[in-house]
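This report refers to the structure that appears directly beneath it.
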Amino acid sequence: MKIAKEVISHYPPQYKKAAVIPVLDLAQRQNKGWTSISTMNYVAKLLDLPPMRVYEVATFYTMFNREPIGDHFVQVCTTTPCMLRNAYNILDTVKEHLGIGVGETTKDGKFTLVEVECQGACSNAPMLVVGDDFYEDLTPESTKKILDAFAKGQKPKPGPQSGRHTSENSAGLTSLTSKPYGPGEHCTPEFS
């Protein structure tokens, strides 16, 4: 409640309904990753909104899960940049390795798998998200290692799995390889 009140305080009192997405996200995190009807009703009451307004938000945005999920929520991106870099191989690897299909949860409740649209890490495709962490530059082998680490209760290091530090060109530096010229670089001597 303390965090919810802090979030609500960022909005003018007459517009506290604008806090519906961050408060609903907070409630979902507190409710083990999913948004139940009672959670939505509580948020509606907290924000003085008709419950239907909260239901509309929770059913429109894919960030809100309407059913319980596993301990590790695996979201595999298959949008064009990831697809072009073999995202469907990654999705198939996850399905085979965990023994579940898209939209399913493992019998032990540890993993839920979904296929998602762009997660915004296109330059490091293919990628997947587990919880709030991005795992990028995936291969079937690195994907299995990530899943195995989570299954053992470990948290693998997020980010590129290829050895890159961020999203630098995997082929190495290809531009800005020499000193850039600046003002006065190509002026005649009298203007230097």
Side-chain angles (χ1 to χ4, degrees), residues 2-4 6-7 21-36 39 57-58 60-175:
K2 182 180 177 185
I3 296 170
E6 167 65 23
V7 168
I21 290 176
V23 171
L24 203 51
D25 179 62
L26 177 63
Q28 176 172 272
R29 290 170 187 274
Q30 190 173 356
N31 196 37
K32 296 185 179 182
W34 73 289
T35 307
S36 65
T39 299
V57 170
F60 179 79
Y61 291 102
T62 57
M63 68 185 277
F64 297 112
N65 301 308
R66 297 286 299 115
E67 296 176 8
I69 61 169
D71 297 335
H72 307 293
F73 189 47
V74 181
Q75 304 172 67
V76 179
C77 177
T78 57
T79 304
T80 306
C82 282
M83 184 212 36
L84 291 172
R85 305 256 317 158
N86 298 318
Y88 285 106
N89 288 351
I90 302 305
L91 182 62
D92 290 341
T93 297
V94 175
K95 291 191 306 190
E96 291 168 19
H97 199 67
L98 297 178
I100 57 174
V102 172
E104 296 178 352
T105 300
T106 56
K107 288 182 176 140
D108 61 5
K110 284 191 175 188
F111 295 93
T112 297
L113 171 63
V114 294
E115 182 178 352
V116 296
E117 292 300 314
C118 186
Q119 295 286 350
C122 305
S123 62
N124 290 31
M127 61 87 64
L128 60 79
V129 177
V130 180
D132 290 329
D133 292 318
F134 284 37
Y135 296 90
E136 306 154 351
D137 291 337
L138 297 173
T139 63
E141 295 74 27
S142 63
T143 301
K144 289 175 190 175
K145 285 181 184 176
I146 291 165
L147 297 173
D148 288 343
F150 277 111
K152 294 175 186 170
Q154 302 166 350
K155 183 179 177 191
K157 184 180 181 210
Q161 303 299 302
S162 63
R164 286 199 277 180
H165 297 289
T166 58
S167 58
E168 70 272 11
N169 186 339
S170 58
L173 194 61
T174 59
S175 61

Problem - Within-4.5 Å side-chain heavy-atom neighbours: Q75 and V114 - result: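 A side-chain contact exists here, since the closest heavy-atom pair is under 4.5 Å.
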Problem - Pairwise side-chain contact, V129 with V116, heavy-atom cut-off 4.5 Å (strictly under) - result: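 SC-SC contact between V129 and V116 ruled out.
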Practice task
Could you note down all residue pairs passing ring-ring contact (aromatic ring centres under 6.0 Å, His included) where residues 107-128 supplies at least one of them, sequence neighbours left out?
Solution key: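 Matches after skipping sequence neighbours: H72-F111.
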What residues form a side chain to side chain donor-acceptor pair (under 3.5 Å) with [X], not counting sequence neighbours?
X: T106; answer: D108
X: T143; answer: none
X: E117; answer: T79
X: S36; answer: S38, T39

Problem - K110/D71 under side-chain contact (heavy atoms from CB on, under 4.5 Å): CA gap, chis, key distance, verdict - result: CA-CA 5 Å; K110 284 191 175 188; D71 297 335; 4.3 Å; yes
Indicate the atoms forming the closest heavy-atom contact of [X] with [Y], along with that distance.
X: A125; Y: P81; answer: CB-O, 3.6 Å
X: G120; Y: C118; answer: N-SG, 3.2 Å
X: M127; Y: A121; answer: CE-CB, 4.0 Å
X: T105; Y: G109; answer: CG2-CA, 3.9 Å

Name the atoms and distances for all side-chain donor-acceptor pairs under 3.5 Å in residues 60-69, with sequence neighbours left out.
| residue | atom | partner | partner atom | Å |
| --- | --- | --- | --- | --- |
| N65 | ND2 | G33 | O | 2.9 |
| R66 | NH1 | T35 | O | 2.7 |

Exercise for the section: State the SG-CZ distance between C77 and R85, to the nearest 0.5 angstrom. Expected result: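 Separation between the atoms: 13.0 Å.
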Problem - Residues that K32 engages under salt bridge (charged side-chain N to carboxylate O under 4.0 Å, His left out), provided they are two or more places apart - result: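 Partners of K32 by the salt bridge (charged side-chain N to carboxylate O under 4.0 Å, His left out) criterion come out as none, since no residue qualifies.
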Name every donor-acceptor pair, under 3.5 Å, that has one atom in a side chain of residues 89-100 and the other anywhere in the protein, sequence neighbours excluded.
| residue | atom | partner | partner atom | Å |
| --- | --- | --- | --- | --- |
| T93 | OG1 | N89 | O | 2.7 |
| H97 | NE2 | D148 | OD1 | 2.6 |

Practice task
Check whether more than 12 heavy atoms from other residues, nucleotides or ligands sit under 6.0 Å from atom CG of L84, and answer yes or no.
Solution key: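 It does: L84 CG has more than 12 such atoms within range.
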Handout entry: For Q154, all residues meeting side-chain contact (heavy atoms from CB on, under 4.5 Å), sequence neighbours excluded
Key =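 Applying side-chain contact (heavy atoms from CB on, under 4.5 Å) to Q154 gives A149, K152.
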Which atom pairs, donor and acceptor, lie under 3.5 Å between side-chain atoms of residues 130-138 and protein residues at least two apart or in another chain?
| residue | atom | partner | partner atom | Å |
| --- | --- | --- | --- | --- |
| D132 | OD1 | R29 | NH2 | 3.3 |
| D132 | OD2 | R29 | NH1 | 2.7 |
| D132 | OD2 | R29 | NH2 | 3.4 |
| D133 | OD2 | K155 | NZ | 2.7 |
| Y135 | OH | P156 | O | 3.0 |
| E136 | OE1 | N124 | ND2 | 2.9 |
| D137 | OD1 | R164 | NH2 | 2.6 |
| D137 | OD2 | S162 | OG | 2.7 |
| D137 | OD2 | R164 | NE | 2.9 |
| D137 | OD2 | R164 | NH2 | 3.1 |

